[in-house]
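Quick caveat, the model's predicted, so the values are computed rather than measured. We count ligands from 1, going down the list as the structure has it; atoms in each ligand are counted the same way.
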Amino acid sequence: MEIVKSGGKVKTGVDVYNANGILLLAGDVFVSTLKPLEIIKQNGIGSVPVNTKLNGALVDGDGNAISLDAVGTLPGPSAISGNAGVPDKNFVFPAAATNEIEVRLVEIEEKRRQALQKHAAAKKCIKNVLKNIKETGGQFDYTEVEKTVLDLTEFLIVDKNSFSYLTQEIFSYDEYLYNHSINVCAIGTAVLNRFNQQFSKVVNDHIRGGDGADIYNPFAEDTINTTGFICYYPHEIEDISLGFFLHDIGKTIVADHVLNKKGRLTEDEFREVKKHSYEYGERLIAKNQIRNATVKNIVCYHHAPLYAHENNSYPMDVHYAEVPVYTRICKLADIYDAMTSKRCYKEAINPVNVVTQIFRTYAKKDRMLQYILHAFVKSIGIYPPGSIVFLQNGQMAYVLDSNGPLVLPFTDEKGNTLKYKPDPVIADTSAENNVYVVDNRKSVQSPKEVYNFIPDYLRNFLVMQN
Ligand SMILES: [Fe+2]
Ligand SMILES: [Fe+2]
């Protein structure tokens, strides 16, 4: 690391793997940035011996070779941790920088690992809440929920893509209510966070002056260092996430045969379902003595109208302008998740179409809604990391990052799985003459829908649940 820090570069000569057999560093590539070395370190590998006989090389900032004598005695294989069972010849001095794709995949794998843990904890928590309410006639452990959701919220606001790793089950249809609570919490928190940053900046720019002509460009990159006005403070975001997580608790009081009915609901049944928010939800809040006004507002009003006379909204005795921004965000996240999820009575709709539909329904209805919608579209992106897209040339590709989107094609144009690892590519039309363009006529898929086409090196990174 010292060599790289001082402008030099290193090459291992051998491949470096982590304990799961994932290649962290290719042996024959010079590393000249610290990132790959840090990733090796994060994988529990504190040091790696170098053997120049295996094509390893150390070069200083002026391009001169450094002899092993010059860097002193290097630790032997016994100094390596977390690599039991991997042959010694695979270890070399932290080499390098490698292949961007491995680095990205390692980062994604780590994110997924954390997301899986958080998801499991959240699922256990919401399962207990619903079970306790049913068993006790309404009581549940609110403190436990607060703890779990706080942990979830911290994970969600660290980086803007985190939420997408928590919502990988949008294509599954089992245990809908558990996943729905987590999804709405994850999507809602991501949108809220984005809205908070963007809207606070708009207000601050306004306060500081400017002619207002270019006051808000929702497509500009976020510049977040907001000082001055902040729309929602961290403790408020925590309360809001809590509300998102619990928004549908009132459904525990609605009979299962009504909630899961395959056919059309009768008028009476629909009236009963509506009560889950403003009546049953409110009853459970009162019964558990939850005095958090934010949570209560979300539970009671997450189906309230967002503009004058919006159909299918309830309760109708609230004016849309009185519905807080966070409750509006809950409603949009709820609609998005319901539409993109497969249920016993309906198929999942492609997220691209859902985002478009939501935008068409709500844009131009109200100025504040426009701010929310821009945050919504920017947060969700239309290509969630970990999903599969089709390119216009016929290739299938794995989405590494919704930004771009950055994708990894893994089949040829005819759909045959590639035998080599390709480089990631940006798959949009903004790059001139780009041959890699997402085909929006075909649905975004979950990995398990095309599992047979996915090469082994990618399967390790996929969440295969259910
Ligand atoms: Fe609801
Ligand atoms: Fe809901």
Does any N or O in the side chain of Thr189 come within less than 3.5 Å of the main-chain N or O of Ala186, such that one atom is a donor and the other an acceptor?
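No; judged by distance alone, with no hydrogens or angles, the pair does not exist.
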
Counting distance only, does the side-chain N/O of Lys365 pair as donor-acceptor with the main-chain N or O of Thr361 below 3.5 Å?
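Yes: the side chain of Lys365 pairs with the backbone of Thr361.
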
The Fe ion (ligand 2) - closest N/O/S atom in Asp334:
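Asp334's closest N, O or S atom to the Fe ion (ligand 2) is named OD1.
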
Restricting to N, O or S atoms of Asp248, which is nearest to the Fe ion (ligand 2)?
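Result for Asp248 and the Fe ion (ligand 2): OD2.
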
Once the angle between the rings of Tyr314 and Tyr278 is folded into 0 to 90°, is it parallel (under 30°), tilted (30 to 60°) or perpendicular (over 60°)?
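Judged by the thresholds at 30° and 60°, the geometry between Tyr314 and Tyr278 is perpendicular.
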
Classify the ring geometry of Phe140 against Tyr142: parallel below 30°, tilted from 30° to 60°, perpendicular beyond 60°.
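Ring orientation, 0 to 90° scale: perpendicular.
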
With the Fe ion (ligand 1) as the point of reference, which N/O/S atom of His302 is the closest?
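It is NE2, the N, O or S atom of His302 closest to the Fe ion (ligand 1).
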
If you look at His276, which of its N/O/S atoms is nearest to the Fe ion (ligand 1)?
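The closest N, O or S atom of His276 to the Fe ion (ligand 1) is NE2.
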
Got His303 and Glu310 here, is their nearest side-chain heavy-atom distance under 4.5 Å?
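They are not in side-chain contact.
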
I'd like to know if the Fe ion (ligand 2) has an N/O/S atom from His247 within less than 2.8 Å of it, counting both backbone and side-chain atoms.
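It does; at least one qualifying atom falls short of 2.8 Å.
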
